[in-house]
Novice: 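Here's a structure for you.
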Amino acid sequence: MHQNEIIAFNHELLAWFQQNGRDLPWRRTKNPYYIWVSEVMLQQTQVDTVKPYYDRFITDFATPEALADAPEQSVLKMWEGLGYYSRARNLQQGVREVVEKYDGKLPDDKKKLLELHGIGPYTAGALLSIAFGQPEPAIDGNVMRVMSRVFMIDADIAKAKSKKQFEEVVGKLIAEANPSAFNQALMDLGAMICRPKRPDCPNCPVRRQCKAYSARVQEKYPVKSRPKKATVRCYAIVLVQDQLGRYLIEQRTDSGLLAGFWQFPMVECETNSDLLPAAFRKLASVERLDFHYIHRFSHLVWDLTLYRVDQAIDLPAGVARKWVAVDEFERYPFPVPHLKVIDWLKNLRMNT
DNA sequence: AACACGGGGGC
DNA sequence: GCCCCAGTGTT
């Protein structure tokens, strides 16, 4: 792209953004900590999903010190349902580092930002441009899609090494005068116009600079290889009550999938089998309940069936467990599939 | 470089 | 159903 085209691209993009850019809660603040929170929540998560979480989060954890001092469980509870919970743990760890090392003030230095836990190339670029006005690219899937079309870049955006190409082109394009608006304009363009399917090219402010549009091949971009298929795991979810009517729940380990979350005990079953789980076979009373739920993670599928048993079955040792009343579930972070179980239980109670 | 890591929404 | 999404940490 020639210099005059670069200037035109910037001009058209920023003019469009001024007219059509979204009014988002985290665009109404200059507080780098709030912008940081929003950027972490927005990783792999869409704007409309994030909004209510963001509002609650900055209300309850209004300062870096407040988040640093909070129990991890309360942070996970706040993040409950948003997914990718390591983001929440990493954010809190990063914030604790900022409180320790930088007196609670986010550094405006790329190297220092990248040293913080939970801040990678994207978030560092977003913070440097949006919070600190520095001309740094912030390359995400959105920006890669836009640039793959504008420049007809054939690199597979699913591959890590492809990002370098996109950094280079954005680095040449980025508006030195207003990098914050530039990066956010690209994000809005990607979300509103340059969508994955059926991009709205006739309304695109930079269609005249877009190679794919000129060649009418915009739907061929971006090039992205398919991820491998998710594996399926079958579980029995165990409902067991004590004499006070409380339910047994357990805490997942502090690493791996849904680390630190609470759940009803889960026993893995044979896949594609109607056989009762082996752990249940010697019990006097086992009732299969009218609750079956398929939960899809990106890399894994849970096939869940709910059972009520009359006594605690043999469960693995070394796991934290508690008897908890239905009214007290809200104190604990649960993964969504187990929130569905809680909903089911509450409906059951209402109808009986 | 590949993999692990959640959940919701669009069509 | 399948694909998408404002990525980072670990190995």
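Hydrogens, waters and symmetry mates are skipped; everything else that's a heavy atom, side chains included, is used.
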Novice: Classify the nucleic acid contact of Arg27(A) as base, sugar-phosphate or nothing, counting any heavy atom under 4.0 Å across all strands shown.
Specialist: base
Novice: Can you check the Leu42(A) CG to dC4(C) P distance for me, whole Å?
Specialist: 19 Å
Novice: Does any part of the side chain of Arg22(A), heavy atoms only, come nearer than 4.5 Å to the side chain of Arg27(A), both counted from C-beta?
Specialist: yes
Novice: Among Ile193(A), Leu189(A), Val170(A), Leu13(A), whose side chain to side chain contact (heavy atoms under 4.5 Å, CB included) with Val146(A) holds?
Specialist: Leu189(A)
Novice: Does a donor on one side chain and an acceptor on the other come within less than 3.5 Å for Gln251(A) and Tyr332(A)?
Specialist: no
Novice: Using the P atom on both, measure dG6(B) against dT11(C) and round to a whole Å.
Specialist: 15 Å
Novice: Under 4.0 Å, heavy atoms only, any strand: does Lys229(A) hit a base, just the sugar-phosphate, or nothing?
Specialist: nothing
Novice: Taking atom CD1 of Ile130(A) and atom CE of Met187(A), what is their separation to the nearest 0.5 Å?
Specialist: 4.5 Å
Novice: Which atoms form the tightest heavy-atom contact between Arg149(A) and Pro222(A), and what is the distance?
Specialist: NH2-CD, 4.3 Å
Novice: Please give, in whole Å, the distance from dG10(B) C1' to Asp200(A) CG?
Specialist: 16 Å
Novice: Starting at atom CZ of Arg226(A), determine the distance to atom C1' of dC2(C), rounded to an integer number of angstrom.
Specialist: 7 Å
Novice: Start at the 5' end of DNA chain B and walk down; is the nucleotide closest to Arg195(A) or to Lys161(A) reached first?
Specialist: Lys161(A)
Novice: First locate atom CG of Asp156(A), then atom OG of Ser225(A), and finally report the distance between them rounded to the nearest 0.5 Å.
Specialist: 3.5 Å
Novice: Using 30° and 60° as the class boundaries, would you call the ring planes of Tyr54(A) and Trp26(A) parallel, tilted or perpendicular?
Specialist: perpendicular
Novice: Can you run through DNA chain B from 5' to 3' and write each base as (, ), [, ], | or . depending on how it pairs? Watson-Crick or G-U wobble, both distances under 3.5 Å.
Specialist: |||||.|||||
Novice: Minimum heavy-atom separation for Trp323(A) to Leu248(A), with atom names?
Specialist: CE3-N, 3.5 Å
Novice: May I have the distance from Lys197(A) (atom NZ) to dG1(C) (atom P), rounded to whole angstrom?
Specialist: 18 Å
Novice: Would you indicate what Val47(A) reaches in the nucleic acid, counting non-hydrogen atoms under 4.0 angstrom: base, sugar-phosphate, or nothing?
Specialist: base
Novice: Mind calculating the distance between CZ (Phe166(A)) and P (dG7(C)) to the nearest angstrom?
Specialist: 14 Å
Novice: Looking at every non-hydrogen atom in both residues, tell me the closest pair between Gly104(A) and Glu65(A) and how far apart they are.
Specialist: CA-OE2, 3.7 Å
Novice: What's the separation between atom CZ in Phe264(A) and atom CD1 in Ile342(A), rounded to the nearest 0.5 Å?
Specialist: 4.5 Å
Novice: Between Gln93(A) (CD) and dT8(C) (C1'), how many Å, whole number?
Specialist: 12 Å
Novice: Heavy atoms only, 4.0 Å cut-off, all strands: where does Trp26(A) land among base, sugar-phosphate and nothing?
Specialist: base
Novice: Roughly how far, to the nearest 0.5 Å, is CG of Leu306(A) from NE2 of His292(A)?
Specialist: 11.0 Å
Novice: Considering every strand and a 4.0 Å limit on heavy-atom distances, what is the contact class for Ser38(A): base, sugar-phosphate, or nothing?
Specialist: nothing
Novice: Could you list all N or O pairs between the protein and nucleotides 4-7 of chain B that sit under 3.5 Å apart?
Specialist:
unit_1 : atom_1 : unit_2    : atom_2 : d
dC5(B) : OP1    : Leu257(A) : N      : 3.2
dC5(B) : OP2    : His299(A) : NE2    : 3.4
dG6(B) : OP1    : Tyr85(A)  : N      : 2.9
dG6(B) : OP2    : Leu258(A) : N      : 2.7
dG6(B) : O4'    : Tyr84(A)  : N      : 2.9
dG6(B) : N7     : Ser298(A) : OG     : 3.4
dG6(B) : O6     : Tyr84(A)  : OH     : 2.9
dG6(B) : N1     : Gln44(A)  : O      : 3.4
dG6(B) : N2     : Gln44(A)  : O      : 3.1
dG6(B) : N2     : Thr45(A)  : OG1    : 3.1
dG7(B) : OP1    : Tyr85(A)  : OH     : 2.7
dG7(B) : OP1    : Val336(A) : N      : 3.3
dG7(B) : OP2    : His295(A) : NE2    : 2.9
dG7(B) : O3'    : Gly81(A)  : O      : 3.1
dG7(B) : N2     : Gln44(A)  : O      : 3.4

Novice: If you look at every heavy atom in Pro25(A) and Asp55(A), which pair is closest and at what distance?
Specialist: CB-OD1, 4.0 Å
Novice: Atom pairs under 3.5 Å, N or O on each side, protein against nucleotides 9-11 of chain C: can you list them with distances?
Specialist:
unit_1 : atom_1 : unit_2    : atom_2 : d
dG9(C) : OP1    : Gly118(A) : N      : 2.2

Novice: Mind calculating the distance between NZ (Lys159(A)) and C1' (dA2(B)) to the nearest angstrom?
Specialist: 9 Å
Novice: Figure out the NZ/P separation between Lys51(A) and dG8(B), and round it to whole Å.
Specialist: 18 Å
